[in-house]
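Here is the structure we will look at.
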Amino acid sequence: MNEILVLAEHRRGELREITFDLIARGRQLAEKAGAELVAVVLGRGTDGFCATLAQYADRVLVVEDDALRDFNSEPYQAVLAQLISERQPLLTLIGHTACGLDLAPSLAVQLDAALVTDCLEVEIDGGKLTAVRPAYGGRVRASLQAREATHRIATIQAGNAPSPRARDSAGEIVKLQSPLAEEMAYKKLLEYVDTAAGEIDISQSEIIVSVGRGIGDPKNITLVEDLANALGGVLACSRPVVDKKWLPKARQVGISGKTVHPKLYLAIGISGAFQHVTAIKGAGMVVAINKDPKAPIFRVADYGIVGDLFAVVPTLKEKIARAKAGK
Amino acid sequence: MDIIVCVKRVPDLAEADIVIDRSQRDIEKDDLVFDINEWDNYALEEAVLLKEKLGGTVTTITLGDEDAEEVLRRALAVGADNAVHLDDAAFAGGDAYATAKALAAAIREMPYDLVLAGAQAGDDGYGQVGATLAELLGIPHATLVTSLEVDGKIARVRRELEAGLEEVMELGLPAVLTIQTGINEPRYVSIAGIRRVARREIDVRKASDLGLSAAEVGAAGSKTEIEKLSLPPAAQKGDILEGSTAVVAEKLAAIFASKGWLG
Ligand SMILES: Cc1cc2nc3c(=O)[nH]c(=O)nc-3n(C[C@H](O)[C@H](O)[C@H](O)COP(=O)(O)OP(=O)(O)OC[C@H]3O[C@@H](n4cnc5c(N)ncnc54)[C@H](O)[C@@H]3O)c2cc1C
């Protein structure tokens with residue numbers, strides 16, 4: 001069918017932001033291809049989601065089932081595989097998120113579909129799927145093309161799409177019978193756990209001084225902490241610092257940590273990976289200190305210092321102390 | 001408990017100048033330093049930790065050219081019992097699907113209760129091989145695993161979601177789990193340790209040994225192809241402060257002061 005399918009992602013009763021990225025992307029593609037934009041909602045008690053999505057999509061397909069209440073790749077895959085085989089959409093868009101990563105690859109195998117993951121840009125032209133995606137941790141861009149296949153799936157990186165435009169009138173909501181027969185025994189969700197809660201909520205801070213893997217050794221962290229104190233800010237960090245257990249998870253900035261909106265975000269020895277910088281978009285000013293002039297962090301920094309943090313940080317602390325003392 | 005762990009040798013680009021090669025489809029790799037993929041290193045450690053706790057074997061497998069052997073040696077030094085190297089010119093240029101297909105063909109013939117892989121590789125970053133492999137093997141999977149306990153025929157795992165949230169799941173074994181960084185603290189491997197396993201035998205297999213034709217693997221067996229690589233625009237958003245350390249620190253302090261942040 002001449003449809004672009006978009007999988008709505010929701011968690012704990014809320015549609016996730018990525019859904020709107022997918023809708024916006026899907027709309028652009030649908031317009032170009034003269035196709036319809038179709039949102040797919042899998043869940044339980046989804047009336048609110050459907051009403052919201054119908055403002056944007058030409059059609060909302062809903063499958064309700066207890067097994068779909070929370071995301072689980074197994075029932076999701078079973079339902080989507082059937083839906084996609086029946087409808088033969090031009091393209092199916094899924095978020096490149098924890099859900100999408102768990103779902104898209106095995107779904108693609110079941111459907112014998114061509115899959116491109118973590119796309120920044122996607123085009124579908126005469127049934128041919130091409131995409132631009134990052135490689136080498138975002139330091140290279142790769143243009144890919146999918147070979148001829150019956151089905152095409154792309155997972156889309158979060159946070160790069162414009163806001164979706166509402167339709168003049170609400171799209172149609174179509175309830176479909178759940179194809180799930182018996183309970184699937186393989187994979188069960190037991191509970192959600194919040195690991196980022198802790199002694200401090202860095203997302204409330206106005207000034208954040210953040211340290212990355214460039215710090216090299218946990219005993220050097222006091223250097224950065226001293227600077228944070230001099231600025232009256234809080235100490236935060238990138239993921240590797242938490243992975244190595246040098247600082248607690250509550251201090252991690254990024255897609256799997258905290259999203260922050262300080263007036264100042266000072267990144268020290270942080271390269272600027274997508275998963276990190278996507279969470280500092282709301283910062284008033286970003287300053288980076290990094291010895292690598294090509295570090296991607298400089299692409300988002302308002303001010304940058306190219307240099308060795310072990311020289312720059314103590315000097316900066318001293319200058320700040322002096323300025324504060326009015327000298 | 002028999003565990004298989006998939007590993008990949010990737011270039012470490014931390015301090016490297018990246019140059020796109022003449023084919024435009026790859027980067028110049030001659031001057032790069034290579035190592036085990038960061039995520040796979042955590043997967044390897046997790047496999048060895050499980051073996052130390054529950055007994056059994058760890059078999060490590062990689063697909064790659066002859067240089068890829070060094071990550072297998074490393075895995076043996078860490079504690080893997082066996083090493084399998086899928087090495088054939090026909091495997092070259094494969095996408096995540098083609099790679100998973102070759103891995104699946106090899107793994108299908110081995111005894112296993114659990115297959116571990118990295119959640120993604122630092123080079124291609126597809127994040128696709130582990131779950132693709134699971135589906136090809138017809139077993140369940142969980143991606144982005146941050147903790148793992150095995151209890152008989154059940155694995156209880158935590159999967160990382162966004163914003164610090166994790167989900168606790170149970171899976172029936174055998175299963176494929178893709179491992180996220182931070183799940184453990186990978187042990188240090190000394191050169192001497194690697195030297196000690198220099199003579200251990202590595203099981204090298206070609207596509208034909210796996211019952212696969214050249215058309216089914218590598219670039220020919222892929223569902224996607226790279227048309228072109230490019231370097232993202234170096235566009236700097238803001239100002240790079242120039243001068244000696246003292247000068248740039250002074251400039252930055254002055255900027256902070258002008259904002260009224262220095263009280
Ligand atoms: C699913 C998923 C979720 C993720 N979630 C997050 C997340 O929430 N948060 C996060 O941060 N990352 C996250 N990551 C990891 C992310 O991809 C990067 O690996 C990580 O952000 C890199 O951290 P870094 O910049 O500190 O380290 P690196 O990339 O290693 O960068 C270190 C930097 O320090 C610089 N440096 C080294 N020495 C010095 C010196 N002496 N002086 C000055 N500079 C120096 C180097 O030039 C380099 O730029 C996630 C990844 C995945 C796959």
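We name chains A, B, ... by the order of the sequence lines, and we start the count at 1 in each one. No experiment lies behind these values; they were computed from the predicted model shown.
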Can you name the nearest heavy-atom pair linking [X] to [Y], along with the distance?
| X | Y | result |
| --- | --- | --- |
| B/P140 | A/E74 | CB-OE2, 3.5 Å |
| A/P105 | B/A131 | CB-CB, 3.7 Å |
| B/G138 | A/Y186 | O-OH, 4.5 Å |
| B/K223 | A/A113 | CD-O, 3.3 Å |
| A/H96 | B/Y126 | CE1-O, 4.1 Å |
| A/K187 | B/L171 | CG-CG, 4.1 Å |

Can you pull out the residues in residues 239-253 of chain B with any heavy atom less than 4.5 Å from chain A?
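Answer by number: B/D239, B/I240, B/L241, B/T245, B/A246, B/V248, B/A249, B/E250, B/L252, B/A253.
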Residues from residues 28-48 of chain B approaching chain A under 4.5 Å (heavy atoms):
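Result: B/K29, B/E38, B/Y42.
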Relative to chain B, which of [options] shows the most heavy atom pairs under 4.5 Å?
| options | answer |
| --- | --- |
| A/D118, A/L231, A/T259 | A/L231 |
| A/T130, A/I289, A/D70, A/V287 | A/V287 |
| A/K294, A/E148, A/R16 | A/R16 |
| A/R133, A/E318, A/R213 | A/R133 |
| A/K263, A/K258, A/Q275 | A/K263 |
| A/A135, A/G257, A/G233 | A/G257 |

Region of [X] in contact with chain B, defined by heavy-atom distances below 4.5 Å:
| X | result |
| --- | --- |
| A/R12 | side chain |
| A/D308 | neither |
| A/Q252 | neither |
| A/A114 | both |
| A/V132 | neither |
| A/S73 | side chain |
| A/P293 | backbone |

Quick one: does [X]'s side chain have a donor or acceptor within less than 3.5 Å of a partner on [Y]'s backbone?
| X | Y | answer |
| --- | --- | --- |
| A/D102 | B/T143 | yes |
| A/R139 | B/I18 | no |
| A/R141 | B/L229 | no |
| B/T224 | A/V116 | no |
| B/R25 | A/A142 | no |
| B/E160 | A/S256 | no |

Looking at side-chain heavy atoms only, is the closest gap between [X] and [Y] below 4.5 Å?
| X | Y | answer |
| --- | --- | --- |
| A/L115 | B/Y97 | no |
| B/E170 | A/L189 | no |
| B/P232 | A/R299 | yes |
| B/M169 | A/L190 | no |
| A/T97 | B/E162 | yes |
| A/E191 | B/E167 | no |

Taking [options] one by one, which has the highest count of heavy-atom pairs under 4.5 Å against chain A?
| options | result |
| --- | --- |
| B/A175, B/G125, B/S230, B/G238 | B/S230 |
| B/E225, B/R158, B/K228 | B/E225 |
| B/E185, B/Q180, B/K259 | B/Q180 |
| B/A257, B/A96, B/G122, B/A121 | B/G122 |

Segment of [X] engaging chain A (4.5 angstrom heavy-atom cut-off):
| X | value |
| --- | --- |
| B/I255 | side chain |
| B/A134 | neither |
| B/A104 | neither |
| B/S222 | both |
| B/P11 | side chain |
| B/D12 | neither |

Would you check, one step at a time, whether the test side chain to side chain donor-acceptor pair (under 3.5 Å) holds for B/T181 with A/R239?
CA-CA 9 Å; B/T181 56; A/R239 180 179 184 122; 3.0 Å; yes
If I take atom CG from residue B/L144 and atom SG from residue A/C99, how far apart are they, to the nearest 0.5 angstrom?
10.0 Å
Inter-residue atom distance A/L101.CG - B/L161.CG, 0.5 Å rounding:
11.0 Å
Can you tell me if [X] has over 12 outside heavy atoms packed within less than 6.0 Å of its [atom1]?
| X | atom1 | answer |
| --- | --- | --- |
| B/E216 | CD | yes |
| B/K8 | NZ | yes |
| A/E14 | CD | no |

Is there any ring-ring contact (aromatic ring centres under 6.0 Å, His included) pair reaching into residues 236-263 of chain B, and which pairs are they, with sequence neighbours excluded?
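Non-adjacent pairs meeting ring-ring contact (aromatic ring centres under 6.0 Å, His included): B/F256-B/W261.
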Report, by ascending residue number, the residues of residues 240-249 of chain A in heavy-atom contact with chain B at a distance under 4.5 Å; give 'none' if the set is empty.
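Heavy-atom contacts from residues 240-249 of chain A to chain B are A/D243, A/K245, A/K249.
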